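See below for the structure under consideration.
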Amino acid sequence: MNLFRLLQARASAGKPVRVALIGAGKFGSMFLAQVPHTPGLEVPIIVDIDRDRAREACRTVGWDAERIARTVFTDDGARAIAGGAMDVVVEATGNPAIGIRHARAAIAAGKHIVMVNVEADVLAGPLLAEEARKAGVVYSLAYGDQPALTAEMVDWARATGFRVVAAGKGTKYLPAYHDVTPDGVWQHYGLTAGEAQSAGMNPQMFNSFLDGTKSAIEMAAIANACGLDVPAEGLLFPPCGVDDLPHIMRPRSRGGVLERSGVVEVVSSLERDGRPVFRDLRWGVYVVLEAPNDYAADCFRQYGLKTDASGRFAAMYKPYHLIGLELNISILSAALRSEATGQAFGFRGDVAAVAKRNLRAGEMLDGEGGYTVWGKLVPAAASLKAGALPIGLAHRLKLKHDVAHGEIVRWSDVEFDANNETIRTRKAMEAAFAKEG
């Protein structure tokens with residue numbers, strides 16, 4: 001509750017919080033839109049593979065010519081991190097290999113790192129966070145994205161003495177979505193391919209949201225940051241509106257759908273027959289909590305919380321998230337309080353690549369949201385035992401064996417370079433944190 005005052009003090013002292021943004025896509029652009037309206041915050045350098053596109057993004061979100069002129073635009077992230085006098089690096093590329101490289105460069109340079117790149121965090125976040133802690137800098141999930149918002153709610157519940165039963169987010173989901181490819185994605189968003197193309201929308205990226213991959217990645221990040229468990233058989237995606245969260249999102253032994261308390265889960269905004277859920281949570285996050293005693297349960301009722309029939313389970317939720325528009329909270333928390341808005345402390349959840357159709361030896365995998373695989377949330381220990389290929393590495397790898405539709409792709413099924421930097425980092429993370437799974 002003091003970030004704004006702390007920022008005002010920095011502004012008054014002529015020492016603004018300085019940020020290097022890497023990746024001026026949608027998330028980055030939403031963050032940039034807020035910068036002119038946040039005295040004490042500056043973005044002197046923006047890194048993007050297309051510098052002209054980055055400049056145009058600044059113009060689109062309302063930057064004036066003077067602000068653009070005094071900003072450095074470059075396509076060299078490593079050099080920008082090493083040479084820049086910034087406090088915080090924001091990694092928003094979405095590419096796991098590049099994200100890991102940038103995070104390590106920031107840590108080596110003594111800069112805080114805000115990891116919008118959840119794909120990189122799920123692939124190696126526990127290791128990166130540990131490296132940052134040892135270096136005395138902050139490694140943080142990005143506020144505004146659903147993992148950090150959920151982690152905040154989990155922290156609130158625990159700090160106030162409640163037991164967390166379930167935590168997660170809402171999304172639009174049907175079982176058939178797991179097999180959708182970029183060719184068929186726009187009909188599910190109510191768009192034509194032409195409309196999406198004219199809006200600059202990437203079909204593979206949007207398909208990763210639809211086919212369940214992004215949900216799996218975000219829940220793995222929450223599990224690893226909050227010490228929550230992962231459903232043994234993957235996400236259930238139960239249809240559930242906000243009023244029904246306490247009834248549905250409780251253990252099966254108590255009448256709900258969860259295998260146990262203390263898990264991550266995603267609720268669907270669609271009934272299984274495609275009808276919309278009443279008062280859905282498609283854009284929001286939630287935490288279901290359990291009263292520790294009868295007195296607290298009585299207080300739930302007295303103060304109007306919706307509970308299950310027993311009165312012991314209740315839910316708190318945030319109906320919307322504003323992604324990049326809220327990113328300042330992570331940046332200022334890191335720069336002004338040396339605190340993360342969520343970071344991995346263990347390896348509890350992983351995201352395995354699963355075949356969208358019958359795959360044949362010789363085919364090339366094309367990563368999240370593509371034509372070949374989708375990402376399934378699995379317990380980390382189970383992933384390691386099965387030798388599952390992480391979705392974050394299922395890019396441009398050739399299959400050695402056939403993989404049946406619906407089966408997990410394993411390391412043994414693909415050709416890979418064991419000396420690849422990203423693969424080495426992932427293997428080092430597994431070795432260091434396997435006991436946490």
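No experiment lies behind these values; they were computed from the predicted model shown. Atoms considered below: every heavy atom in the structure, side chains included; atoms not considered: hydrogens, waters and symmetry mates.
Between K400 and D413, no side-chain nitrogen of the basic residue sits less than 4.0 Å from a carboxylate oxygen of the acidic one, so the salt-bridge criterion is not met. Electrostatic pairing of R424 and E421 does not count as a salt bridge here, judged by no charged N lying under 4.0 Å from a carboxylate O. Comment: D350 engages R426 in a salt bridge, judged by a side-chain N to carboxylate O separation of less than 4.0 angstrom. Using a cut-off of 4.0 Å between Lys/Arg side-chain N and Asp/Glu carboxylate O, E131 and K134 are scored as not salt-bridged. Checked for salt-bridge contact, D52 and R55 meet the test: a charged N lies under 4.0 Å from a carboxylate O.
Using a 4.5 Å heavy-atom threshold, the side chains of L210 and N207 count as touching. With a 4.5 Å cut-off on side-chain heavy atoms, V114 and F31 do not count as touching. A 4.5 Å side-chain heavy-atom check between N95 and E119 finds every atom pair outside the cut-off. In this structure, the side chains of P182 and Y371 come closer than 4.5 Å at one or more pairs of heavy atoms. Between Y177 and L270, some side-chain heavy-atom pair lies under the 4.5 Å cut-off.
To the nearest 0.5 Å, atom CG of residue L21 and atom CZ of residue F27 are 10.0 Å apart. In this structure, the separation between CZ on R53 and SG on C58 is 11.5 Å, given to the nearest 0.5 Å. To the nearest 0.5 Å, the span separating OG on S383 from CZ on R348 amounts to 15.0 Å. C240 SG to I248 CD1: the interatomic distance, rounded to the nearest 0.5 Å, is 4.0 Å. Atom OH of Y286 is separated from atom CD of Q146 by 11.5 Å, given to the nearest 0.5 angstrom. Note that CD1 of I49 and CD1 of I98 are 7.5 Å apart. Values are rounded to the nearest 0.5 Å.
The closest donor-acceptor contact from the side chain of N420 to the backbone of T422 lies under 3.5 Å. Side-chain atoms of W63 come within 3.5 Å of backbone N or O of L32 as a donor-acceptor pair. A donor-acceptor pair under 3.5 Å is formed between the side chain of Q204 and the backbone N or O of E368. Remark: side-chain polar atoms of H401 are paired, donor with acceptor, to backbone N or O of S412 under 3.5 angstrom. Under the 3.5 Å distance criterion, the side-chain polar atoms of K376 are left unmatched by any main-chain donor or acceptor of G234. A donor-acceptor pair under 3.5 Å is absent between the side-chain atoms of D229 and the main chain of V263, judged by distance alone. The backbone N or O of V180 lies less than 3.5 Å from no partner atom in the side chain of D211, so there is not a single donor-acceptor pair. Judged purely by atom type and a 3.5 angstrom limit, E265 uses its side chain to pair as donor or acceptor with the backbone of L236.
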Margin query: Run V89 and H102 through side chain to side chain contact (heavy atoms under 4.5 Å, CB included) and show every step you take.
Written below: CA-CA 9 Å; V89 174; H102 287 152; 5.6 Å; no
Next item on the list: Start with the C-alpha distance between R104 and L128, add both sets of side-chain angles, then the distance that settles side chain to side chain contact (heavy atoms under 4.5 Å, CB included), and finish with yes or no.
Entry: CA-CA 7 Å; R104 282 187 152 157; L128 297 175; 3.7 Å; yes
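Using modelled atom types, one finds no donor on one side chain facing an acceptor on the other under 3.5 Å when comparing T181 with R357. Side chains of Y143 and H321: a donor-acceptor N/O pair is absent below 3.5 angstrom, by distance only. Side-chain contact annotation: T213 with S208, donor-acceptor N/O pair under 3.5 Å absent.
A129 and A344 make their closest contact through CB-O, 3.4 Å (heavy atoms, listed as atom of the first residue, atom of the second, distance). Contact detail for F73 and R51: the closest heavy-atom pair is O-CD, 3.4 Å. Closest approach of M115 to G99, counting heavy atoms only: CE-O, 3.6 Å. Of all heavy-atom pairs between D145 and I323, the closest is OD1-CG2, 4.0 Å. V288 and L245 make their closest contact through CG2-O, 3.9 Å (heavy atoms, listed as atom of the first residue, atom of the second, distance). The nearest pair of heavy atoms linking A355 to V409 is N-CG2, 4.4 Å.
Surrounding CD of E56 are more than 12 heavy atoms belonging to other residues, nucleotides or ligands, all under 6.0 Å away. Within 6.0 Å of CZ on R70 lie more than 12 heavy atoms contributed by other residues, nucleotides or ligands. The local environment of CZ in R79 is sparse, with at most 12 non-hydrogen atoms from other residues, nucleotides or ligands closer than 6.0 Å. More than 12 heavy-atom neighbours from other residues, nucleotides or ligands sit within 6.0 angstrom of NZ on K356. More than 12 non-hydrogen atoms from other residues, nucleotides or ligands lie less than 6.0 angstrom from CD of E195.
Using the six-membered ring where Trp is involved, Y189 and F206 have ring planes that are perpendicular, over 60° apart on the 30 and 60° scheme.
In this structure, F433 has its ring center at least 6.0 angstrom away from the ring center of F347.
Within the structure, salt bridge (Lys or Arg N to Asp or Glu O under 4.0 Å) contacts touching residues 146-169 (residues at least two apart or in different chains) are R163-E290, K169-E218.
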